[in-house]
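Inspection log for the structure reproduced underneath, given as C-alpha cells.
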Amino acid sequence: MAARAALLDGTFRDVAARLPANAQISADAAGRLHFAALEPEAEGASLVALRAAVNAMLPRVDLPEVLLEVFSWTGADQAFTSVTGGEARLRDLPVTIAALLVAHGCNVGFTPVVGGADALRYGRLSHVDQTYLRMETYRQANSALIDAQASIPLAQAWGGGLVASVDGMRFVVPVPSVYARPNPKYFGASTGGGGRRSGATWLNLINDQAAGLGGKVVAGTPRDSLYVLDVLYDRDGGRRPEMVVTDTASYSDIVFGLLTLAGFAYAPQLADLPDQKLWRIDRAADYGAFNDAARGRVDLERIERNWEDVLRIVGSIHTGAVRAYDVIRMLSRDGRPTVLGDAIAHYGRIAKTLHILRLADEPSYRRQIKAQANLQEGRHALARKIFHGRAGQLYQHYQEGMEDQIGALGLVLNALVLFNTRYMDAALDRLRSEGFNVRDEDVARLSPFVRHHVNMLGRYSFLLPEMPGGLRPLRDPEGRGVSTDV
C-alpha cells in the first residue's frame, strides 16, 4: 500500500507539473477534465501506395480454399477428433470440415456446400457435424492458428501479442430462446408487431497481432464488465496479455481492482471523462490543476482490513475455482458494493486514477488504446461480412448451439486473417526485393481484414491448386514480374 500510495502521489505531481505545456487536457471552471480530440494520423503517399500494391497482389480465392490452405500450413484440422474417441479418420475429412465451417461461419446452412464428392454429400456433412465439431475441437484448432499468426514477421510488426481488447458483437436471435434477451438499442422491435426482438452478445478477445484469442456468448447485452475476466482467463491460446483495452461499458471500479490485482494493466476508453472523479490518498496534498478533480479519497485502511479476503478472491479466480462473473455479482448487492467489494473498488480507484493521469500525459498511450479498439472494430466488420446468411441473425434456440456456431465463425475469422497476413508478408518480401519503398511505419498500419479477394457467396470451390513452395502465386496486376515461387 505504501508503494502504491507513493506511485499515485508522484504521478499526480509529475503530470501536474507538465500540465501548463500540455495541450491535450484542460480543466473547466468546475474542475472537470476535458481531453482535446485526437487528430487522426495522416496517411502519407507511401502508405497509400504500399497498401494498394499489397492488396492488389493478394490471390483471388473462395473461402473454402482459404480454410483448406490454412489447414495444410498448420495442421489445425487434426484438432477435429471424433467424440467417440476413435482414432481412424475419414477420407478427405478436411474437405468436409471446411464445408461445415463455411456452412456455420457464413450462416448459410448445408445447401450451398453440398456437392457430388463423397466428402460433400449431405449425410457425410451431417455425420461429421455431429461427431467432430464441438467447442473443444474449435478451441484446439484455434490455438494452432493463433500460434501460426504469431510466427509471421508482419504480425510481429503489428505487436508483440501482449496488448489485447475485449468487446461485444451483437446478434439478433429471432427464434424463441431463454438464452436471448431484448434490447431495443441493439436488436430493435419485432417487424411482426410481436414486441421487442431478443439477441445475444459474442464477447471476444483479440490481441494486437489481429488474432482472436477466444470468446464467450452471453444472453442479451449485459455489462461487459461482468465477463471481461472470464474471457481473459478462458483463452484458446496465445500469450497472456499484459494490457487489456475495453470500451466504457466494461468499466467499473471493482473490475479495475480485480484486473489490477490479477496482473493486468487495465486501459478502458472513458467516454465520460468530464464526469470521472480522480482519487487521492493524502487530502492535504497540493496537486495544482488536479485539486478539484481529485476530490475522491482512497481509504487504505479499508483495503488493508480486507486484504486477506481480497487475495483469496483473486486467487480463486486465477485458479478457476470460481467464475469472475459470479464474484463480481457477489461483491455488489442492489447496486451497492459489499464491504469486500468496496475494499476492491478502493484498490481499483488507485489504478483508475493512474490510468486517467497517463491518458492526460501521454498522447501515444491514447493512440495505442484507440488503435487496439479500431483493430477490434475491423475484425467485427469482417465477421459481419462472413456471417452474411439469414440477414446475419443467429437461429439457435440453445446456448450450446450458439457457442458452436459462433465458435465456427471465430475459427473462420482467424483462418482468413492468417491467410491474409501470410500472403501480405510474402507480398512485402517481393516488393522489397524489387526496390519498392517499404517503410516500417507503413507496414505497421496495414490491415489483415481485407476481403475484396475472397468469395464468400454462392457455391464454392473445394479444390486447391498446385502451390510451389507452399503458397499459391501472388497476382501481378501491374506487370512487375512477380514470380510464382513465393
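Scope of the values below: all heavy atoms of this structure, side chains included, with no hydrogens, waters or symmetry mates. Please read all numbers here as calculations on a predicted model, not as lab measurements.
- Of the charged side-chain nitrogens involved, at least one lies within less than 4.0 Å of a carboxylate oxygen, so that Asp234 and Arg139 count as a salt-bridged pair.
- With rounding to the nearest 0.5 angstrom, the CZ atom of Arg366 is 3.5 Å from the CG atom of Leu38.
- Side-chain contact check for Ser126 and Gln130: at least one donor-acceptor pair (N or O, by modelled atom type) lies under 3.5 Å.
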Are Leu226 and Tyr325 close enough, and set up right, to give a side chain to side chain contact (heavy atoms under 4.5 Å, CB included), and what steps lead you there? CA-CA 5 Å; Leu226 296 172; Tyr325 169 80; 3.6 Å; yes
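- The side-chain heavy atoms of Val70 and Arg422, taken from C-beta on, include no pair separated by under 4.5 Å.
- Annotation: side chain of Leu229 is not in contact with side chain of Val255 (no heavy-atom distance under 4.5 Å).
- Judged by distance alone, the side chains of Asn107 and Gln405 do bring a donor and an acceptor atom under 3.5 Å apart.
- Cation-pi geometry between Arg323 and Tyr227 is not met at under 6.0 angstrom from the ring centre and within 45 degrees of the axis.
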Determine, stepwise, if the pair Asp230 / Leu203 fulfils side chain to side chain contact (heavy atoms under 4.5 Å, CB included). CA-CA 10 Å; Asp230 287 329; Leu203 279 177; over 6 Å; no
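- Without hydrogens or angle criteria, Gln269 side chain to Asp247 main chain gives no donor-acceptor distance under 3.5 Å.
- No side-chain heavy atom of Met456 sits under 4.5 Å from any side-chain heavy atom of Val412.
- Atom CD of Glu362 sits in a crowded spot, with more than 12 heavy atoms from other residues, nucleotides or ligands closer than 6.0 Å.
- Phe419 and Trp73 have parallel rings, their planes meeting at less than 30° on a 0 to 90° scale where 60° marks the start of perpendicular.
- For the pair Leu50 and Val438, the tightest heavy-atom approach, listed with the atom from each and the gap, is CD1-CG2, 4.0 Å.
- Gln156 places a side-chain N or O within 3.5 Å of a backbone atom of Ala150 that can act as its donor or acceptor partner.
- Here ring-ring contact (aromatic ring centres under 6.0 Å, His included) pairs that include residues 356-409, with residues two or more places apart or in two chains, are Phe171-Phe387, His355-Tyr365.
- Side-chain contact between Gln78 and Arg89 is present, with at least one heavy-atom pair separated by less than 4.5 Å.
- With a 4.5 Å cut-off on side-chain heavy atoms, Asp361 and Arg18 count as touching.
- Of the N and O atoms on the side chains of Arg170 and Thr201, at least one donor lies less than 3.5 Å from an acceptor on the other residue.
- Taken from CD in Gln399 to OH in Tyr179, the straight-line distance is 6.0 Å, to the nearest 0.5 Å.
- Taking the side chain as every heavy atom from C-beta outward, Leu67 and Ile97 never approach each other to under 4.5 Å.
- Counting heavy atoms from C-beta on, the side chains of Val454 and Glu65 never come closer than 4.5 Å.
- Here CG of Asn207 is found 7.5 Å from CD1 of Ile146. Values are rounded to the nearest 0.5 Å.
- Taken from CG in Leu232 to CG in Leu258, the straight-line distance is 11.5 Å, to the nearest 0.5 Å.
- In this structure, the separation between CZ on Arg91 and CG on Leu93 is 13.0 Å, given to the nearest 0.5 Å.
- No donor-acceptor distance shorter than 3.5 angstrom exists from the side chain of Ser143 to the backbone of Gln140, with no hydrogens or angles considered.
- Separating the CD atom in Glu377 from the CZ atom in Arg379 is a distance of 13.5 Å, to the nearest 0.5 Å.
- Here the shortest heavy-atom pairing between Ala180 and Ala219 reads N-CB, 4.2 Å.
- Contacts classified as ring-ring contact (aromatic ring centres under 6.0 Å, His included) and involving residues 37-61 (residues at least two apart or in different chains) are not found.
- In terms of modelled atom types and a separation under 3.5 Å, the side chain of Asp425 and the main chain of Leu154 share a donor-acceptor contact.
- Each of Leu90, Thr96, Thr137 was evaluated against Tyr132; a single residue qualifies, Leu90, per the side chain to side chain contact (heavy atoms under 4.5 Å, CB included) test.
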The test is side chain to side chain contact (heavy atoms under 4.5 Å, CB included); show your working for Lys352 and Tyr266 and say whether it passes. CA-CA 8 Å; Lys352 181 182 81 168; Tyr266 188 30; over 6 Å; no
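- Across Ala200 and Met402, no two heavy atoms sit closer than the pair CB-SD, 4.2 Å.
- Contact between Arg445 and Glu43 at its shortest, heavy atoms only, is NH2-CG, 3.7 Å.
- Among residue pairs with one or both ends in residues 110-138, those qualifying as salt bridge (charged side-chain N to carboxylate O under 4.0 Å, His left out) are Asp118-Arg121, Arg134-Glu136; sequence neighbours excluded.
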Please lay out, stage by stage, how Ile386 and Leu409 fare under the test side chain to side chain contact (heavy atoms under 4.5 Å, CB included). CA-CA 8 Å; Ile386 294 174; Leu409 173 60; 3.8 Å; yes
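- The side-chain heavy atoms of Leu428 and Leu446, taken from C-beta on, include a pair separated by under 4.5 Å.
- Between the Arg235 side chain and the Leu213 main chain, no donor and acceptor come within less than 3.5 Å of each other.
- Taking both residues in full, the closest heavy atoms of Ala210 and Pro448 are given as CB-CG, 3.5 Å, listed atom of the first, atom of the second, then distance.
- Ile25 approaches Ala360 most closely through the heavy-atom pair CD1-CB, 3.3 Å.
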